[in-house]
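Below: the structure, in structure tokens.
We number each residue from 1, following the sequence as shown. Counting starts at 1 for both ligands and their atoms, following the listed order.
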Amino acid sequence: MKAKMLANMRAHQEAVAEILAALAKGDGEAAAKIADARLGANSPGAAACRPDAKSGAHGDMPMMMASHMPQDMRALGMTMHTQASKFAEEAAKVKQGGDLRPALAELGQVVQACNACHAAYRLD
Ligand code: HEC
């Protein structure tokens, strides 16, 4: 379970790196797609943090992970996932050569949400 959780985390980190690479090319649409699919509120990785986490759609792993996380921790997780969806919305609006700043501001908030949970929780 721990290994799975840390692997999820590294995947989050990779997603952030790929998002930044897409933004560096001015490709807001690609950045939005990565954020939606891999970090957003409806991404598979968000399943364990959703208030209605249960077995089903994404299998039993999210359910098992959810049962090991305090409610407040899952709420911090949802804050991050929801914020990633907000970023995706903003990034999708950026036309080639357009102003990336509003999207970057939302991405900054995503990373803040990562940091907030890291400041509060350890696996053991
Ligand atoms: C709901 C809480 C929570 C959120 C949100 C969260 N993390 Fe984590 N993350 C953890 C915990 C807990 C650990 C393990 C820390 C420990 O035990 O030292 C961790 C560890 C990590 C690690 C280390 C992985 C390893 O192999 O050791 C990385 C990288 C990471 N997180 C990236 C991220 C990124 C990037 C985000 C945001 C996009 C994020 N995390 C959001 C809780 C969270």
Side-chain angles (χ1 to χ4, degrees):
M1 185 87 51
K2 275 188 195 171
K4 172 79 186 164
M5 158 95 176
L6 292 174
N8 274 356
M9 287 297 148
R10 293 190 298 274
H12 287 358
Q13 182 96 302
E14 281 159 22
V16 172
E18 288 176 36
I19 286 166
L20 285 168
L23 291 176
K25 290 186 204 144
D27 194 345
E29 207 169 307
K33 279 193 187 137
I34 297 163
D36 262 335
R38 295 170 45 192
L39 293 176
N42 295 314
S43 66
C49 296
R50 297 175 69 88
D52 61 346
K54 55 183 181 319
S55 45
H58 299 292
D60 288 338
M61 186 53 98
M63 170 65 187
M64 276 158 52
M65 289 177 78
S67 71
H68 286 274
M69 283 192 276
Q71 188 54 49
D72 289 353
M73 183 182 183
R74 292 169 59 208
L76 282 171
M78 261 337 276
T79 300
M80 186 281 281
H81 292 299
T82 308
Q83 180 59 37
S85 294
K86 250 175 101 179
F87 160 75
E89 246 174 69
E90 207 54 62
K93 291 184 204 160
V94 181
K95 308 263 177 288
Q96 190 64 37
D99 187 1
L100 291 168
R101 285 174 293 186
L104 284 168
E106 297 296 348
L107 184 60
Q109 295 291 313
V110 175
V111 176
Q112 296 258 18
C114 309
N115 295 349
C117 188
H118 294 153
Y121 292 99
R122 292 284 173 272
L123 287 188
D124 49 20

Take Leu39 and Phe87 through the test side chain to side chain contact (heavy atoms under 4.5 Å, CB included) and record every step on the way to the result. CA-CA 10 Å; Leu39 293 176; Phe87 160 75; over 6 Å; no
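- Of the N or O atoms in Cys114, none lie within a sub-3.5 Å distance of an N or O in ligand 1.
- Taking all heavy atoms of Met80, Arg122, Met5, Met9 into account, the minimum distance to atom 11 (C) of ligand 1 is reached by Met5.
- Considering backbone and side-chain N/O of His12, none are found under 3.5 Å from N/O of ligand 1.
- In this structure, of Cys117, Cys49, Ala7, Gly45, the residue bringing a heavy atom nearest to atom 1 (C) of ligand 1 is Cys117.
- Going from atom CZ of Arg101 over to atom CD of Glu106 covers 14.5 Å, rounded to the nearest 0.5 Å.
- Here is the list of ligand 1 atoms found below 4.0 Å of a heavy atom in Met73: 1 (C), 12 (C).
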Take Lys4 and Met64, measure what side chain to side chain contact (heavy atoms under 4.5 Å, CB included) needs, and give me the verdict at the end. CA-CA 11 Å; Lys4 172 79 186 164; Met64 276 158 52; over 6 Å; no
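- Listed by number with element, the atoms of ligand 1 under 4.0 angstrom from any heavy atom of Gly77 are 1 (C), 5 (C).
- At a 3.5 angstrom cut-off on N or O pairs, Gln13 does not count as close to ligand 1.
- Atoms of ligand 1 found under 4.0 Å from any heavy atom of Tyr121 (numbered from 1 in listed order, with element): 12 (C).
- Only the side chain of His118 comes within 4.0 Å of ligand 1, counting heavy atoms alone; its backbone N, CA, C and O stay farther away.
- Atom-to-atom distance recorded for Met65:CE and Met5:CE is 6.0 Å, nearest 0.5 angstrom.
- The protein non-hydrogen atom at the shortest distance from atom 17 (O) of ligand 1 is Leu123 N, 2.8 Å.
- The protein heavy-atom contact nearest to atom 27 (O) of ligand 1 is Leu6 CD2, 3.8 Å.
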